[in-house]
Amino acid sequence: MRIYQAGPLFSEAEREWHKALKARLLTAGHEVIWPGDLITQEEIAEWGDEAPARILQRDLEGIISCKAVVALLDGPQVDDGTAFEIGYAYAKGIPVFGVRTDFRVCGDTPKGSLNAMIEGSLRGLARSRTELFAILMTSGDLS
C-alpha cells in the first residue's frame, strides 16, 4: 500500500525519526511518499517566489496518490504543515493515522492529547512506532 508520511522535517532529529519510520514502513512492504524526498533544497532555491505554491502542489499530489496518511504529531502543538496535510487528507476521504510519542498534554478536551480538530480527524492514534504498526495492521481502511 502507498502511504503518505506527514510531519515536521526541519530538524536533524525530526528527519532521522522520519527516515527510521520510512525504513520500517518499506520493510513492511509499503510504498512511502515523504515530503523530505519530494523536493530538494536546490529546487526550492530555483523556484524563488513560486516555491510555496510548487511545494504545496507537489505535496497535495503526493497525498492524493496514497491510500493512507501517517502523521507525526509530537510537539507542544502539531506542526502547521502537518495539520494542513491531515485536514486535506481527511477532506479527500483518505484515512489518517497519527503517532504521538510526546507525553505533553495539549488537547482541547479533558481526555484529549491533541487539538480536537486534529484528533477528530484521525482513524487511530499511536504512542510509538510499534503501536502505530499494530493499528495499521488491524485497520480495515487499509485492506
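Hydrogens, waters and symmetry mates play no part in the numbers below; they use all other heavy atoms, side chains included.
- To the nearest 0.5 angstrom, Q5 atom CD is 8.5 Å from L72 atom CG.
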**Worked verdict on D74 versus E14 for side chain to side chain contact (heavy atoms under 4.5 Å, CB included)** = CA-CA 10 Å; D74 285 350; E14 290 165 343; over 6 Å; no
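- Residues T101 and S128 approach most closely at CG2-CA, 4.2 Å, considering heavy atoms.
- Residues V78 and L114 have side chains in contact (heavy-atom distance under 4.5 Å, counting atoms from C-beta outward).
- Scored by the salt bridge (Lys or Arg N to Asp or Glu O under 4.0 Å) test, R15 finds no partners at all (sequence neighbours excluded).
- Between I86 atom CD1 and S121 atom OG the span is 7.0 Å, to the nearest 0.5 Å.
- In this structure, CD on E85 lies 8.5 Å from CG on L60, to the nearest 0.5 angstrom.
- Annotation: ring pair (Phe, Tyr, Trp, His ring centres under 6.0 Å) contacts involving residues 34-55, sequence neighbours excluded, comprise H18-W34.
- At a threshold of 4.5 Å between non-hydrogen side-chain atoms, the residues Q57 and R54 do not count as touching.
- Ion pair R58/E61 not flagged as a salt bridge, since none of the NZ, NE, NH1 or NH2 atoms sits closer than 4.0 Å to an Asp/Glu carboxylate oxygen.
- F133 is connected to I135 through a chain of hydrophobic side-chain contacts under 4.5 Å among Ile, Leu, Val, Met, Phe, Trp and Tyr, so both are in one cluster.
- Between atom OH of residue Y88 and atom OH of residue Y4 there is a gap of 10.5 Å, rounded to the nearest 0.5 Å.
- Clustering ILVMFWY residues whenever any of their side-chain heavy atoms sit less than 4.5 angstrom apart, transitively, puts V99 in the very cluster that holds F97.
- Across every non-hydrogen atom of G7 and T82, the tightest pair is CA-OG1, 3.1 Å.
- A continuous path of hydrophobic side-chain contacts links L132 to L26 [ILVMFWY only; heavy atoms under 4.5 Å].
- I3 has its side chain out of reach of I33: every pair of non-hydrogen atoms, C-beta onward, lies at least 4.5 Å apart.
- Residues L25 and V69 fall into different hydrophobic clusters, defined by Ile, Leu, Val, Met, Phe, Trp and Tyr side chains chained together at heavy-atom separations under 4.5 Å.
- At a threshold of 4.5 Å between non-hydrogen side-chain atoms, the residues I63 and K92 do not count as touching.
- Connection of V32 to W17 is established within a shared hydrophobic cluster, with ILVMFWY side chains joined at heavy-atom distances below 4.5 Å, either directly or through further cluster members.
- Considering K67, K22, R2 in turn, R2 is the only one that fulfils the salt bridge (Lys or Arg N to Asp or Glu O under 4.0 Å) rule with E31.
- I118 has its side chain out of reach of V96: every pair of non-hydrogen atoms, C-beta onward, lies at least 4.5 Å apart.
- Taking CG of D59 as the reference point, atom CD1 of I64 lies at 11.0 Å (rounded to 0.5 Å).
- Within the model, atoms CG of L73 and CZ of R127 stand 9.5 Å from one another, a figure rounded to the nearest 0.5 Å.
- Of all heavy-atom pairs spanning E43 and L38, the tightest one is OE1-O, 3.9 Å.
- There is no side-chain donor-acceptor pair under 3.5 Å between R123 and S139.
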